[in-house]
There are 2 protein chains.
Amino acid sequence: MTPAFDKLQQHLKQLPGLGYRSSERIALHLLVEKPARLPALVVALEEAARSVRRCACCGNLAEGEHCAICADERRDRSVVCVVEQVPDLVAIERSASFRGAYHVLHGKLSPIHGVGPDDLNLAALRARVESGEIAELILALSNDVEGEATCHYLTEHLPGGRPVKVTRIGFGLPSGGGVLYADSVTLKSALDSRRVYS
Amino acid sequence: MTPAFDKLQQHLKQLPGLGYRSSERIALHLLVEKPARLPALVVALEEAARSVRRCACCGNLAEGEHCAICADERRDRSVVCVVEQVPDLVAIERSASFRGAYHVLHGKLSPIHGVGPDDLNLAALRARVESGEIAELILALSNDVEGEATCHYLTEHLPGGRPVKVTRIGFGLPSGGGVLYADSVTLKSALDSRRVYS
């Protein structure tokens, strides 16, 4: 179409789930059919980029110091579910099968991709364990080699002064798959069937 | 998640083809996985909103005075394909079965939706017909009541001083459907089988 249109389409096409046709359709929608929506979308994007940050406690998305889950006093903060990414947390929340707190690592150990312990959100997790407030740590990491390695690292390197029960979600997660793509029923059964990780 | 995140998701969900899950996935992508893409997307949106406008001649998207098709000297400007919307033009271009010029009405007559002749891009079409440069006008409008009414209006109200051949695409377009959703082969057969509109 025009250079600026093509550039916008290129940027839209990089978003997950959008291809050539769907990005073209959205660009036409924003420039021709409903041009009033474009500035509102820009404002929403800038507002989100400016105000959304990481929760100081668990690493989830937050707008203040703490995220909505950490700030919610009805959640059981003694049970902490460790996940790789925020979308994993969203998937578990959607299954409505967990009323504890979370800790988002923002990754998993992967030497082949150059991801080591220093790249993960581990210092905050160590501080939470040391504070003694955690009775159980549920490892909801991927059922693959990197997930296994990360579980192993966590049990070996968390402060051992105070005994913490460490479990790992088990049944239901297909081999090689991540938490993000599991359906709610599978996630619920995986949470229910967690077993002690040794 | 957070108020700004939810607001961004609401705006994304209004875009064509995006639902609750896909808009959530894109928002997480832009805020967590690839935050560097967000400012680039905002720039592309603003740049497109600022520089993309209507072609003074045909009503297509343009960045200068005229669109790429009107400025292309290899296109046959004596054959003009009249379409309702820019996406219709894009669909016909994609079928690579037309080498003439276009005229975008930006709508069709629809009394029930309050769209009259003054709401369509008709003045520029009248000027093109009056200039005598058009030998054939191909009406590529929807195969529905409003499309039929618009075709009728065009043949009745275009200046009759110079005889212009008016045709309408016919075979292949399913009843009740618009140009936008037809596939390339259907559009090619529809263009090939155009008949004189009386």
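First the proteins, then the strands, lettered A, B, ... as listed; each starts at 1. Values below: every heavy atom of this structure, side chains too, minus hydrogens, waters and symmetry copies. Quick caveat: nothing in here was measured; it's all calculated off a predicted structure.
Proximity to chain A (any heavy atom under 4.5 Å) is shown, for P3(B), by both the backbone and the side chain. Heavy atoms of L38(A) lying under 4.5 Å from chain B belong exclusively to its side chain. Interface residue P16(B): backbone and side-chain heavy atoms are both found under 4.5 Å from chain A. Heavy-atom distances place no part of Q9(B) under 4.5 Å from chain A, backbone and side chain included. For chain A, no part of R54(B) is nearby; none of its heavy atoms comes within less than 4.5 Å. Only the side chain of L30(B) comes within contact range of chain A, with at least one heavy atom under 4.5 Å from a heavy atom of that chain. With a 4.5 angstrom heavy-atom cutoff, E33(B) touches chain A only via side-chain atoms. Of the atoms belonging to L18(A), it is side-chain heavy atoms, and not backbone ones, that fall under 4.5 Å from chain B. Contacts of E24(A) with chain B are made by side-chain atoms alone, with heavy-atom separations under 4.5 Å and no backbone atom involved. Heavy atoms of L28(B) lying under 4.5 Å from chain A belong exclusively to its side chain. Looking at A62(B), the atoms closer than 4.5 Å to chain A (heavy atoms on both sides) all sit in the backbone: N, CA, C or O. Heavy atoms closer than 4.5 Å to chain A are found in the side chain of V90(B), but not in its backbone. Contact annotation for R94(A): only side-chain heavy atoms (C-beta onward) come within less than 4.5 Å of a heavy atom of chain B.
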Would L31(A) and V86(B) count as a side-chain contact (heavy atoms from CB on, under 4.5 Å) if you check the C-alpha gap in whole Å, the side-chain angles of each, and the deciding distance to 0.1 Å? CA-CA 10 Å; L31(A) 291 170; V86(B) 174; over 6 Å; no
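Contact of the L8(B) side chain with the V52(A) side chain is not registered, since no non-hydrogen atoms from C-beta on lie closer than 4.5 Å. No side-chain heavy atom of H11(A) sits less than 4.5 Å from a side-chain heavy atom of E47(B). At least one side-chain heavy atom of L41(A) sits under 4.5 Å from a side-chain heavy atom of L12(B).
Taking chain B as the reference chain and counting heavy-atom pairs below 4.5 Å, the highest number among E63(A), E46(A), R25(A), R50(A) is found for E63(A). The choice from R21(A), R53(A), K7(A) that makes the most heavy-atom pairs within less than 4.5 Å of chain B is R21(A). The residue among L89(A), I26(A), I69(A), N60(A) with the most heavy atom pairs within less than 4.5 Å of chain B is I26(A). Counting heavy-atom pairs closer than 4.5 Å to chain A, the top residue among C67(B), S51(B), A40(B), A68(B) is A40(B).
Expressed to the nearest 0.5 Å, how far NE2 of H29(B) lies from CD of Q14(A) amounts to 7.5 Å. For the atom pair CZ of R37(B) and CG of L15(A), the computed distance is 7.5 Å after rounding to the nearest 0.5 Å.
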